[in-house]
Amino acid sequence: MRSNDLIHFCPPARVVLGCGSRAQLPALLERLGYKSGVLVTDTFFSQHTPWVREYIAASEALGISTIVFDGGAADPTTTLCDDATKLIRAQIGERQPDHIIALGGGSNIDLAKALCVTIPDGLPVKNFIGALPAAPKALPLIALPTTAGTGSEATPGAILIDPSNATKVAVMDNVLRPVIALIDPEFTYTCPPRVTADSGVDALTHAVESYLTLDSSEFDRSGQVDPGYSGRSSLTMLFAREAIDLCARFLMRTYKDGADTEARIGMAYASHYAALSYGGAGLNAVHGIAYAVAGLTHATHGSTNAVMLPYVLDALRSVRATELLEVARLFGIDTKDQAAAVRQLPVLIRDLIGQLGIPTNLREFGVGQEHLADLTRDALAVTRLAKAFPVADVPATYERIINAAWHGKLGE
Ligand SMILES: NC(=O)c1ccc[n+]([C@@H]2O[C@H](COP(=O)([O-])OP(=O)(O)OC[C@H]3O[C@@H](n4cnc5c(N)ncnc54)[C@H](O)[C@@H]3O)[C@@H](O)[C@H]2O)c1
């Protein structure tokens, strides 16, 4: 407990986690009274795994009808969402679905989240960007993550790319948190190494970044009574600490050997626990700057987070020394001198990222020095993340971090 915490915690209504747990879903949906759904996925899952076929057969036997939309794609755009809305509405005709199921990584889950608000009235998704109005209308979402991962199964946001200006936009409301987050670690066993590394480092970033973020007592909720994010608390830190420990133990193991089931299960837990932390606490500079880097380079979400993570940790050495020492210990840094141990952590994380096959500085990402000022400006423009960075002078610190990440300099 921390006596000045102000907790506003909105987890998914049900968390079902365990190997093989996907087999429980049809009976659970029947029990909850669902009758007619849309399953949002991509062709990898509909054509190369038995999971869609098995689900449809088992749920139909219980009287639940489902339309499959397998047009999901990595990093979904607002155009994809609007096209999917039209297609699905044409297929369902007069009969509104009573739930949506997402099967896939963060991309399919985010597309499905956005469809929860667009399908009822067929409106374009741009009408829902930002916070939703009071008493928001959204279909209930059941999320089945297949990466470990984004943790989108426990967050209030859907991230889409607006192709008109290549920026990421968000539909954000607690009503979008899934009514069921079903995490079956076996879904992740087919992830190729690149997806395993990118999504795994995303989970690590969520855990560490939310562990270090602004306290709930200082968080600016902008007057919202039902905020999506509200700063770190003893509750979110509980999940973050466990997630960091699991990532320290299992992230590299899953990358080196995708058949290591203990490591796969460990990362499935890590991803969800990290989401229970950042899905309440929120994030700050790593994601804020990573969004700007992704806008410039179009590199994956996980890899743009990864390249920034060590440099952001380095910038927090004085304001978050105690927490960074805890993280260092979880990663096995046992140097007695505490300041030295904290200094070693960003170096260790950067080595880990390099071993995961991800560039470790912005030059390797193809960012030119002439882009650094624009990157700083674009990152600061994501104000909901910038304002949660726990330093006194956010613009100057962002500028220093981006410069350090370009030069590959730590520990100065
Ligand atoms: N809403 C949120 O809270 C939130 C948080 C973080 C990231 N995101 C978003 O999530 C997206 C990234 O998601 P991701 O990292 O999970 O990857 P992804 O969903 O983009 O998937 C990447 C690729 O991996 C494939 N894949 C996924 N699972 C697989 C499996 N089990 N076996 C084989 N292939 C598989 C997909 O088909 C796809 O081709 C980004 O668009 C990002 O913006 C959202």
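Only this structure's heavy atoms are used, side chains among them; waters, hydrogens and symmetry mates stay out. As the structure lists them, so they are numbered: ligands from 1, and atoms in each ligand from 1. Just so it is clear, the model here is predicted, and its values are computed rather than measured.
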Run the numbers for me: atoms of ligand 1, each under 4.0 Å from some heavy atom of [X], listed by number.
X      : answer
Gly157 : 1 (N), 2 (C)
Gly105 : 16 (O), 19 (O)
Ala74  : 20 (O)
Asp42  : 36 (C), 37 (O)

To the nearest 0.5 Å, tell me how far Thr188 OG1 sits from Ile183 CD1. 11.5 Å
Do any non-hydrogen protein atoms sit less than 4.0 Å from atom 10 (O) of ligand 1? yes
Nearest protein heavy atom to atom 37 (O) of ligand 1: under 4.0 Å? yes
Give the residue and atom name of whichever protein heavy atom lies nearest to [atom], and the separation in Å to one decimal.
atom                    : result
atom 28 (N) of ligand 1 : Thr146 OG1, 2.8 Å
atom 43 (O) of ligand 1 : Lys168 NZ, 3.4 Å
atom 24 (O) of ligand 1 : Val195 CG2, 3.4 Å
atom 41 (O) of ligand 1 : Asp75 OD1, 2.6 Å
atom 26 (N) of ligand 1 : Phe45 CZ, 4.2 Å
atom 2 (C) of ligand 1  : Thr155 OG1, 3.5 Å
atom 20 (O) of ligand 1 : Ser107 OG, 2.6 Å
atom 44 (C) of ligand 1 : Asp110 OD2, 3.0 Å

Taking distance alone, with N or O pairs closer than 3.5 Å, would you say [X] contacts ligand 1?
X      : answer
Ser152 : yes
Thr190 : yes
Phe187 : yes
His206 : no
Gly104 : no

State whether [X] and [Y] are salt-bridged, where the test is any N-O pair (Lys NZ or Arg NE/NH1/NH2 against Asp/Glu carboxylate O) under 4.0 Å.
X      : Y      : value
Lys168 : Asp162 : no
Glu323 : Arg232 : yes
Asp314 : Lys409 : no
Lys35  : Asp98  : no
Arg241 : Asp245 : no

Will you find, in the side chains of [X] and [Y], an N or O donor that is under 3.5 Å from an N or O acceptor?
X      : Y      : result
Asp70  : Ser46  : yes
Thr118 : Lys126 : no
Arg194 : Thr300 : no
His407 : Asn361 : no
Asp198 : Ser303 : no
Arg177 : Asn174 : yes
Ser199 : Thr147 : no

Should the proximity of Thr300 to ligand 1, defined as any heavy atom under 4.0 Å, be assigned to the side chain, the backbone, both, or neither? neither
Contact check, [X] vs ligand 1, heavy-atom distance below 4.0 Å:
X      : result
Tyr278 : yes
Pro192 : yes
Gly149 : no
Cys191 : yes
His48  : no

Which of parallel (below 30°), tilted (30 to 60°) and perpendicular (above 60°) describes His206 and His301? tilted
Which of parallel (below 30°), tilted (30 to 60°) and perpendicular (above 60°) describes Tyr278 and Tyr229? parallel
